[in-house]
Amino acid sequence: MARTLLEVDNLKTHFFTSDGVVKAVDGISYTVDEGETLAIVGESGCGKSVSALSLMRLVADPPGKIVDGRVMFEGQDLLQVDNAEMRSIRGNRMAMVFQEPMTSLNPVLTIGRQITETLELHQNMNKSQARERAEELVRMVGIADAGSRLKDYPHQFSGGMRQRVMIAMALSCNPRLIIADEPTTALDVTIQAQILELMQDLAQQFGTAMIIITHNLGVVARYAQRVVVMYAGKIIETGTAQEIYRNPSHPYTLGLLKSVPRLDEVRKVSLDPIEGLPPDLVDLPPGCSFAPRCPYVYERCTQETPVLMVHSDAHTTACWRHEELQGLKTAASVS
Amino acid sequence: MVQTQNRTAASTTDAGDVLLEVKDLKMYFPVTSGIIFQKKVADVKAVDGVTFSIKKGETLGLVGESGCGKTTTGRAILQLYKPTEGHVIFEGQDLTKLKGSEMRAMRRKIQVIFQDPYGSLNPRMTCGDIVGEPLTVHKLTSSKGEYRDRVSELLEVTGLNPYMADRYPHEFSGGQRQRIGIARALAVNPSFIVCDEPVSALDVSIQAQVINLLEELQEQFDLTYLFIAHDLSVVRHISDRVAVMYLGHIVELADRTELYENPLHPYTRALLSAVPIPDPVVEAQRTRIILTGDVPSPMNPPPGCVFHTRCPIAIDDCQIEMPELREVSPDHWVACIRAEGWNEGTPIA
C-alpha cells in the first residue's frame, strides 16, 4: 500500500464578514497517497477552492481564517509551522496550478524570469543553472522553441500555452504534491484534453501526487483515482472514481450526474435538474445542507447533520438514507 | 438530377418552412495602424463565408472553440454588426438591406439572450424595468395596468416570482439573472431567438434548469433558436441540427444524431473525442484524437483548408483551397476533401 502523503483532518476555514460567519470549509478530512490523483468536485461556492488555498495557507486573513484542523504533509503540520518554513514548502515541496492562466502570471516579467525565480529561491541555483533548467522544463511541457520563448512575456502566449507555463512552474522544484485548481476551466475542449494528458503524463513520470479541483465531473473521470464531492463546505461523498460514477449514493452526487447531458447517451426528453439554489453559506439550514433541494428528504434530515458513513472499503457517504437509495443507484448507472 | 446539384446548405429544406437563411455571410474587422492617419493593414476574418438555414420551430446548434466566429455570426445575423458581405434573409426580407427604423421594427421578431448574465443586465434598473423596457420601446402595452400584468406574466413563465420585479440584478443568482434575460427576450413575442452561450456561465445543477426552461418556452411559444455554445453535450441535447465552426467557416453541418454518431470532418471528430464523459469505465475505453497546437490567428489564416495545420489526415492537396461544404449524404454537409478517408462508422465514444 502506498504511503500517505497528505492528511487533512477536520479542516475549518471560516470567513468573518459583516454579514456573518461564512463557513466556507467546515470540517473536512481526506488523505492523498504518494503518486495518487485525487479529485475534489463541487459547484461554485462549495468551498473546494478555499480548501485548496487553506492547504497552501494562502487564504486572505482577514477576512478568512483557518479556525481548526490539521494538515499533515510529509510528517509536518502545515498549520503549525512558521511563515518562513511555510514559504520554503510552498512552490517547492507542494505547488499549485491556478485556474486562470491569464491573470495568475505576472504580466511585466518574462516567462523565463518567473520560472527561474522559483529555482533560484528554492533550489539555490545560480542564474545560468536556473536558466538551463527553465529551458528544460518549458520543453518538457511541450512548448516549441523553448530557448527563445523564455524571453517572451505572458501576453505573447495563448491560454493553453500559459497553462503549460504554469505547469512548468509548478513542476520546477520536483514537488511531491501539485494542487490544480480548475486547471482547464478557462480553456477550450481540444486544449483541455491536451493539458490534462500532459499533467497526467508528467505526474506519472515524476511520481507526483495531484489534487485536481473541478466543477466538471466529466473532466476527472479519466484521470482521478479517488473523488471527493463537496457541498456547502462539507464533504458529502468520497470514494474511488469507479464507485462515485457507477454507484453514487448521495442524492447530490446522483443529481449532478443526472443533470448533465452526456455525449454518449441517447437524448432524453428533458434533463433532470437539481431543483432550487445552492444555500447561502451565512445562513445554512439546520441538519443536512442539501435537504431543501433533496428529492429524498425526510424528517431526520432537517434536524440532524449526517456524518460521513462508511459503507464499503472505498466509499463513504454523508446521507441518512444512503442505504435506501441503493435501488435508485442501479437505475442511475444503467441510464 | 439537376435539382439536387443545385442544393446548397442554405436550401437544404423545402423553402416553405424556412425562417432564416444566411447566405455567404462574411464579417471582417479591420486592423488599423497609425494614430492620426489610420490605415487599414489587415482584416480579422471572424466569419468568412457562412451559409445555413433554420426552419421554423427548429433549433440549430452552432458549436466551435473560442475565436471560431460563432458569436460574431450570431451578432451579424442580429445586425449588431454590419456584415461585410452576404445576406441574412428573415421571413423573406434581407436584413442587411433594412434601414435603421425598419430594422428596429424587425427586432420585435428577433431577440437575443446573452452569455454573461452579470454583464448583460443594467445594474441600475430593477428586474421589472429590464423586462418591461422592450414593451415601452415597441409600445406594446396601452396602460400601466396592462404593462404591470405583462411583466408579471413574463416573470412567471420564466420561473421567477412576480414580487421580485422591484429587485435589482445584484440580488439575483446567476441562474435567476439568466431567467431575467430570457424574460426580456420574450417580452416582444419574438419568433426567433439567438441564444449566445446562455448556460456557459452557470453551475452544472443550474444549467439543466435553464435548458429545460428554454425547451419548454420553445414549445409553448413556437420559438426558433440559434443556439451558440462550446459545450458539445449541451448542444447535442438541445439542437435538431448542428453546425460546427472552425476559424470563420462551417466545416460540418448535419442532423444531430448523424453528426454525433457519424462525424466526418476530422475537426468534428477531434472535438467530440475531447469531450469528457463522466464515467471512468467508458473513458478508459475511448481513444482520443489529441490535436496539436493552437487555433491559428484569423488575421492570417493558413492557405487552403483552414484546419490543415492541425489536421491528422491532411495531405498536400489540402493546402490549395478551402473546400466547399458538400452534401455527402442527405442533409449531411462537410467541408473536407478527405471526409471519406475516415474509417466509416468508427464509434467516437
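From a predicted model like this one, the values you see are computed outputs, not experimental measurements.
The nearest pair of heavy atoms linking B:V281 to A:Q242 is CG2-NE2, 3.6 Å. Pairing each heavy atom of B:E283 with each of A:A221, the nearest pair is CG-CB, 4.1 Å. When all heavy atoms of B:V204 and A:E43 are compared, the pair lying nearest together is N-OE2, 4.0 Å. The shortest heavy-atom contact between B:I206 and A:P278 is CD1-CD, 4.2 Å. For the pair B:Y260 and A:L263, the tightest heavy-atom approach, listed with the atom from each and the gap, is CE2-CD1, 3.2 Å. Contact between B:P278 and A:Y245 at its shortest, heavy atoms only, is O-CD2, 3.1 Å.
Contacts between B:L291 and chain A at a heavy-atom distance below 4.5 Å involve backbone atoms as well as side-chain atoms. Interface residue A:L257: only side-chain heavy atoms are found under 4.5 Å from chain B. Contacts between B:S66 and chain A at a heavy-atom distance below 4.5 Å involve backbone atoms as well as side-chain atoms. Contacts of A:Y252 with chain B are absent, with no heavy-atom separation under 4.5 Å from either backbone or side chain.
Highest contact tally toward chain A, considering only B:H237, B:R236, B:H230, B:Q176, is held by B:H237 [criterion: heavy-atom pairs under 4.5 Å]. Put simply, of A:G255, A:G276, A:G45, the one with the most heavy-atom pairs under 4.5 Å next to chain B is A:G276. Each of B:G175, B:A208, B:S173 has some count of heavy-atom pairs under 4.5 Å with chain A, and the biggest count is that of B:A208.
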### Message
With side chain to side chain contact (heavy atoms under 4.5 Å, CB included) as the criterion, how do A:L271 and B:Q207 come out once you've worked through the C-alpha distance, each side chain's angles and the decisive distance to 0.1 Å?
### Response
CA-CA 10 Å; A:L271 298 171; B:Q207 271 186 13; over 6 Å; no
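Residues of residues 212-223 of chain B placed with any heavy atom under 4.5 Å of a heavy atom in chain A are listed by number as B:N212, B:E215.
Side-chain contact check for A:D264 versus B:D279: every heavy-atom pair is 4.5 Å or farther apart. Counting only heavy atoms from C-beta outward, the side chains of B:P276 and A:Q192 approach each other to under 4.5 Å. Residues B:R286 and A:R222 form a side-chain contact, since some pair of their non-hydrogen atoms from C-beta on lies under 4.5 Å apart.
Here the CD1 atom belonging to B:I238 is positioned 11.5 Å from the OG atom belonging to A:S270, to the nearest 0.5 angstrom.
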